[in-house]
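To start, the structure itself, in C-alpha cells.
Below, read A as the first sequence line, B as the second, and so on, with proteins coming before strands; counting in each chain starts at 1.
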Amino acid sequence: MIIHIQNVKKRYKKEWVLKGINIKVEQPNIIALVGPNGSGKTTLLNCMTNLLSFHEGTVELVGKKHTDPSLFKEVSFLQDNRILYGNLTGYDHLKFICNVQHLSTARITDVAERVGMSSYLKKRVRNYSLGMKQHLLLAMAIINQPKLLLLDEPLNGLDPTSAITMRNILLELYNEGTTILLSSHNLDEIDRLTNTVYFMKDGAILKESLLDLNMRRYTVSVTDGKKAKKILEEKQIDFTSINENQISFDETTIDLQTFIDYMNQNDIQIYDIDKQKIGAERRYQELFEGAK
Amino acid sequence: MITITLFEMKKIIKSIFFFVMLAFLCVFLIGYYVFVHHQTVPVEKLIVETESMIHMQEQQIQELKRTINNSEDGGNSQLQLDLTVSEQLLSKNQILLKAYQEEDWQAVLQQEIESNEPEVERMKAGNEYYTSTFPTLFTLESRLEYNKWLLSHNITPVLPIDFYSWYTVYDLDFGDPIAEEYIKKQSEKYSSTGVYFLHHTLNLLFTIFGALIFLFLFGDILTKEGLGKNGPIHFLHTQPLSRLKIFIGKLLAVLFLSLFVIVFISGFCLLIGSLFDGFGYFYYPVLIYGEDFSFTFQKMSTVIFQSGVLFIFVLLFSYALLFLFSILTKRTLTAVGLTIVVLYIGIQWGKDTILSSFSPYIPFHYFSITDIVTNTFAASVKNFAFSMSTGCIVLSISTIALLFLSYFLFHLQNKLLH
C-alpha cells in the first residue's frame with residue numbers, strides 16, 4: 001500500500017480540523033487534494049509526514065508508519081519555501097539530502113538540469129526569486145527518486161514556463177512509477193495532471209467528489225421536456241433540469257445510448273446533444289459554489 | 001550524525017553574523033593586546049627605578065657618613081648599623097641594576113631567592129601558617145618556590161618580581177589600604193608575550209562574560225529553524241533523521257564551533273603576542289592551592305588546557321539552558337535573555353549559599369573557571385570540595401538533565417503546540 005490513511009482526526013483546541021480522513025492508494029497514481037483555504041489540505045499533508053500530530057487514526061506511507069523517519073528515503077514532501085536556508089546555496093541543500101540519504105552527489109547536477117536551475121545552483125538561496133526557490137524545492141523533493149511524492153501548492157509562484165516544466169516532470173515521475181499527492185488551487189493544472197481529485201471541505205473529503213473527472217456530462221435538448229423528465233423520474237435516474245426542454249445528466253447515471261432509446265420509445269425527438277468533460281474546476285464550482 | 005552536525009556548522013559558518021562577530025572579536029583582541037602591552041612592565045622601567053633608588057641610597061650613605069664624621073664620639077653604634085645596612089642595600093641594588101642592564105635573569109632570581117629563603121625558614125620553624133598579615137608564610141613560601149621554578153626552567157620572569165608583587169588569598173591584612181592597593185596592583189602582572197597574552201585573554205574569556213559571547217554567537221541555533229511554524233525545521237523533519245539526531249547534531253555543531261572559536265582566539269593571541277613580544281613560555285608557573293596551606297605549581301599550558309576543558313562544560317551547561325528556553329519561547333532574544341537572567345540569578349544565589357554543604361553541587365559556581373582550576377576559589381572559601389573534577393561532574397549532570405528536558409519538549413513540540 002502506497003498510502004493508507006485510516007480515520008485520521010485532528011483538532012485545534014475544540015475545533016476538529018480533520019474529521020476522519022480515509023485515503024487508500026495501492027497503485028501509482030496522481031492524486032490532487034482540492035479545497036478552499038482552511039479546508040485541511042496542508043494539515044493533512046503535515047499529519048501524514050509527522051510534522052503535526054493527530055488525535056485519532058493511523059497513517060502508513062510506503063508500508064511504513066508515518067512516525068518512522070526512514071520512510072523519507074522513499075517519500076518526499078515539497079513544502080513551503082520558508083523551509084529553505086537563505087545563507088546556503090541550492091547546492092548545499094541538495095548535497096545535504098544526498099549525504100543524509102547516502103545518494104551519489106552526481107545526482108545534484110542531473111536534478112538541477114532536470115528542473116532548470118543549473119545556472120543558479122551555487123548561488124545563495126536568499127538571492128533566489130520565488131520561482132527559483134520553487135525549482136529548488138522540486139529538485140530537493142525528487143533527487144531521491146521517491147516512491148511517493150507529496151506536494152503542497154507546488155505551482156505557487158511559478159511562471160507559465162516553469163509551471164509547464166513542473167507538470168512535465170511530475171508526469172515523467174508518474175510514468176516512472178512515482179505516486180504523487182498534491183494540493184493545489186490551480187484547477188487547470190490539476191485537470192492536465194490527473195482525474196483523481198479529492199475535494200476537501202471543513203476537514204473532510206467529500207464523498208460525492210470521488211468520481212472520475214474524465215467522465216462526460218451531457219446536456220440534451222428535446223421536443224417534450226416535461227415528458228422526458230417524467231420518464232427519467234420514473235426510472236429513478238438522477239438528472240438536472242436546465243430549462244423546460246433541456247436536461248443534463250452524467251454518464252455515470254445513464255449512458256447516452258440508453259437515454260436515446262428511452263426517448264425514442266416515447267416518441268420524444270432529440271435535436272441537440274452537448275457533451276462536456278466535467279473537470280476539476282466545474283466540479284469545484286458544483287461542490288463549493290453551488291453551481292450546476 | 002556527522003552529516004547533520006556538519007550541515008548545522010555550515011549553516012552557522014555561512015552566516016554574515018558569524019563573520020561579523022569574529023571580526024569584532026579580532027578587533028577586541030587587538031585592542032586588548034594594546035592594553036596588555038601598555039600594562040607590561042619593561043625592564044627599562046626597572047632600570048630607571050633602580051638607578052633612582054641607588055642614587056637616593058648613595059645620598060643617604062653620604063649623609064650618614066657626614067653625620068658620623070661630624071659627631072664627637074665618631075658616631076654611635078645605631079648610626080654605624082644604619083650605614084652598614086644602607087651599604088648592603090646599595091650593593092644589592094647595584095648588582096640588581098647590573099643584572100637588569102645585562103638582562104641576567106638568573107642573577108636577579110638568585111638574589112630574590114637568597115633574600116627570601118632565611119625569612120621563610122624562620123617562619124616555617126615557628127609554624128607561622130595561621131596568620132593573615134601580609135606577607136603570610138604561605139605567600140613567602142610560594143613566592144620562593146615560584147622564583148625557584150623560574151630559575152630552574154630558565155624562564156624570563158614577568159616583571160615586576162620584587163617583594164610587593166606577590167600575594168595570595170591568605171593575605172587578608174595589609175596594614176593600610178594604600179599598601180593593599182599597591183601590592184594588589186603590583187601583583188597583577190602583565191606580559192605581552194604570546195603565551196602570557198593568551199593566558200590573560202583566556203582568563204577574561206573563561207568567565208560568565210565569555211559564556212555570554214558564545215550565547216550571542218549561537219543564540220539562534222534552534223530559534224532560526226522557525227520552531228512551531230513552517231520553518232526550516234520542517235525540512236530537517238522530512239529527512240530520514242530522528243529528532244534525537246537533529247537535536248544532538250545542533251548541540252555538537254555549537255560545541256565544535258565553540259571549540260573552533262576558542263582555538264581561533266588562542267591562535268590569534270599567540271600569533272599577535274609572538275609577533276610583537278616573543279612567544280613566551282608554556283612553562284610559566286601558575287600557583288595551585290592545596291589543602292592545609294600546601295601548594296604546587298602547574299605549567300601555564302596545563303592550566304590553560306584545564307581551564308579550556310572546564311569552560312567547555314560551562315558552555316554546554318549554558319547551551320542546555322539556551323536550548324530549553326529556545327524551545328519554550330521560540331524567540332532568539334527572549335531565549336538568550338532568559339538564559340542570561342537565569343545564569344545571573346544562579347551565580348548570585350551561589351554566592352549567597354557559598355557556605356552551605358550543598359554549595360559545591362551548584363553548577364553556577366563553576367563559572368569562575370580559572371579560580372576553580374587553580375583552587376583559588378576553594379582556598380578562598382576554605383572548601384576544597386570545589387574542584388575541577390567536581391565542577392565537571394556537577395556541570396555534566398546538570399547539562400544532561402536540562403538537555404533531557406529540552407529534548408523531551410522538542411520531541412513533543414507539535415503535540416504540545418497543536
Side-chain angles (χ1 to χ4, degrees), chain A residues 10-13 17-18 42-43 45-55 61 64 66-89 91-93 95-103 124-126 136-137 140-141 143-144 146 150 152-153, chain B residues 1-22 217-218 220-250 253 257 330 407-418:
Chain A
K10 175 171 181 61
R11 63 166 188 266
Y12 286 127
K13 294 180 182 168
V17 290
L18 293 179
T42 302
T43 304
L45 289 171
N46 284 341
C47 285
M48 288 170 70
T49 48
N50 198 30
L51 293 175
L52 287 179
S53 62
F54 44 86
H55 297 87
L61 303 177
K64 289 178 180 168
H66 77 297
T67 50
D68 180 354
S70 73
L71 71 84
F72 290 109
K73 285 180 181 170
E74 296 169 283
V75 177
S76 287
F77 183 21
L78 187 154
Q79 306 167 66
D80 190 292
N81 65 37
R82 281 174 292 181
I83 68 161
L84 299 172
Y85 295 99
N87 290 330
L88 301 184
T89 64
Y91 183 86
D92 292 331
H93 285 82
K95 192 176 174 213
F96 172 67
I97 297 172
C98 286
N99 290 341
V100 166
Q101 304 199 19
H102 307 293
L103 306 171
R124 284 178 193 248
V125 169
R126 66 162 168 260
L136 173 59
L137 288 168
M140 288 158 66
I143 194 166
N144 59 346
L150 308 171
D152 190 11
E153 301 291 349
Chain B
M1 186 59 77
I2 295 169
T3 307
I4 180 75
T5 306
L6 289 176
F7 185 64
E8 290 297 332
M9 287 168 73
K10 185 183 265 185
K11 284 189 319 201
I12 297 169
I13 289 168
K14 283 201 166 185
S15 72
I16 295 168
F17 177 72
F18 184 72
F19 273 94
V20 170
M21 286 295 277
L22 275 190
L217 202 53
F218 305 121
D220 64 348
I221 181 77
L222 276 178
T223 47
K224 74 179 166 197
E225 298 287 352
L227 301 177
K229 52 189 177 185
N230 276 353
I233 195 74
H234 279 189
F235 166 51
L236 298 179
H237 284 337
T238 49
Q239 292 302 316
L241 289 165
S242 66
R243 278 160 168 75
L244 183 64
K245 270 190 179 178
I246 295 170
F247 188 81
I248 294 175
K250 285 185 174 294
L257 281 175
K330 293 165 203 65
Y407 173 68
F408 181 72
L409 295 174
F410 181 68
H411 187 63
L412 295 179
Q413 193 174 55
N414 49 358
K415 287 194 171 74
L416 290 172
L417 288 167
H418 305 299

To the nearest 0.5 angstrom, please state how far the OG1 atom of A:T43 sits from the NZ atom of A:K10. 7.5 Å

Would a line drawn from the ring center of A:Y85 to the ring center of A:F96 be shorter than 6.0 Å?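 Ring centres of A:F96 and A:Y85 not closer than 6.0 Å.
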
Looking at B:K14, I'd like to know if its NZ atom is crowded, meaning that more than 12 non-hydrogen atoms belonging to other residues, nucleotides or ligands lie closer than 6.0 Å. yes

Quick check on A:L71 against chain B: is it the side chain, the backbone, both or neither that has a heavy atom closer than 4.5 Å?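 For A:L71, no heavy atom lies under 4.5 Å from chain B.
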
Proximal component of B:I4, with respect to chain A [non-hydrogen, under 4.5 Å]: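 Interface part for B:I4: both.
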
Are side-chain heavy atoms of A:Y12 and A:L52 found at a separation under 4.5 Å? yes

Residue, of A:N81, A:L84, A:L88, that accumulates the most heavy atom pairs under 4.5 Å with chain B: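 The candidate making the most pairs under 4.5 Å is A:L88.
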
